[in-house]
Amino acid sequence: MTRISVVALLLLGCSCQAQTDAKLLDAIGQVESGMNRKARGDSGKAYGPYQMHAEAWHIGNKQLTAEGFKPYALTQWRNETAQDMVALAYLRWLRAQFKVAEIDFPTPAQMALAWNLGFEGALRINFDPKMADQTRQSYAVRVENLAQ
């Protein structure tokens with residue numbers, strides 16, 4: 001069962017893509033923090049269960065605003081609905097970036113690399129887990145296994 005907040009799921013609907021993204025995000029949360037809603041990492045610069053940095057949070061909020069949803073200030077990072085809404089919006093933004101790169105159906109491992117390295121960082125290694133360092137290879141494989 002996914003651990004995404006019920007409010008976030010209701011706001012986003014139950015489309016097939018929303019369900020897939022909820023499973024992927026749950027897998028990311030498990031690997032990043034054990035789904036610890038209070039987690040802080042990277043010397044306090046990564047927030048919540050998905051270990052989002054301020055830039056990713058900002059991009060997620062821009063996506064939410066573009067879709068007609070209210071944004072959430074970074075100071076709300078402890079709020080479960082804010083965590084899930086911003087993270088799911090960031091996933092949708094990542095998917096859009098993949099489409100621009102002519103990758104219509106990125107694998108969970110490719111999405112995990114883009115989450116962990118940022119889209120540009122994952123692009124530099126052609127979204128190939130085998131081209132990443134051992135830690136990130138393991139990360140991508142663990143996310144993919146949990147997301148399926």
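What you see is a predicted model, and the numbers here were worked out from it, not measured in a lab.
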Please report the closest heavy-atom contact between A112 and A140, naming both atoms and the distance. CB-CA, 4.0 Å
Hydrophobic clustering (ILVMFWY, side-chain heavy atoms < 4.5 Å, transitive) - are V31 and V141 grouped together? no
Quick one, R95 with T20, criterion side chain to side chain contact (heavy atoms under 4.5 Å, CB included). Give me CA distance, side-chain angles, the key distance, then yes/no. CA-CA 12 Å; R95 284 195 188 281; T20 299; 4.0 Å; yes
Donor-acceptor pair, distance only, cut-off 3.5 Å: does the side chain of E32 make one with the backbone of G29? no
How far does CG of D84 sit from CG of L25, to the nearest 0.5 angstrom? 6.5 Å
Heavy atoms of A89 and L64 approach each other most closely as CB-CG, 3.6 Å
Apply the ring-ring contact (aromatic ring centres under 6.0 Å, His included) test between Y90 and each candidate in W57, Y72, W115; give the one that qualifies. W115
P129 and Q137 have their tightest heavy-atom pair at O-CG, 2.6 Å
With sequence neighbours left out, write down each residue that passes salt bridge (charged side-chain N to carboxylate O under 4.0 Å, His left out) with D42, or none if nothing qualifies. none
Does Q83 use its side chain to pair, donor to acceptor, with the backbone of P49 at less than 3.5 Å? no
Connected-component partners of L117 among ILVMFWY, side-chain separation under 4.5 Å: L113, I125, M131
If you round to the nearest 0.5 Å, how far is CD1 of I59 from CZ of R92? 13.5 Å
Under 3.5 Å donor-acceptor, E102 side chain and K99 backbone: no
So F127 and F119, would you call those rings parallel, tilted or perpendicular, with 30° and 60° as cut-offs? tilted
Taking all non-hydrogen atoms of both residues, which atom of R136 and which atom of A132 are closest, and how far apart? CB-CB, 3.8 Å
Quick check against the 3.5 Å criterion: does D128 have a side-chain atom that pairs as donor or acceptor with the backbone of K130? yes
To the nearest 0.5 Å, what is the distance between NE2 on H58 and CG on L74? 11.5 Å
What pair of heavy atoms forms the shortest contact from W77 to R37, and how long is it? CZ3-O, 3.8 Å
Supply the atom-to-atom distance Q148 CD to L24 CG, rounded to the nearest 0.5 angstrom. 10.0 Å
List the atom of Q51, the atom of A46, and the distance in Å for their closest heavy-atom pair. OE1-CB, 3.4 Å
Between CG of L123 and CD of Q110, what distance do you get to the nearest 0.5 Å? 11.0 Å
Are the side chains of M111 and F98 in contact, using a 4.5 Å heavy-atom criterion? yes
Under a 3.5 Å distance rule, please check whether Q30 uses its side chain to pair with a backbone N or O of L146 as donor and acceptor. no
Main-chain N/O of Q134 paired with S138 side-chain donor or acceptor, under 3.5 Å: no
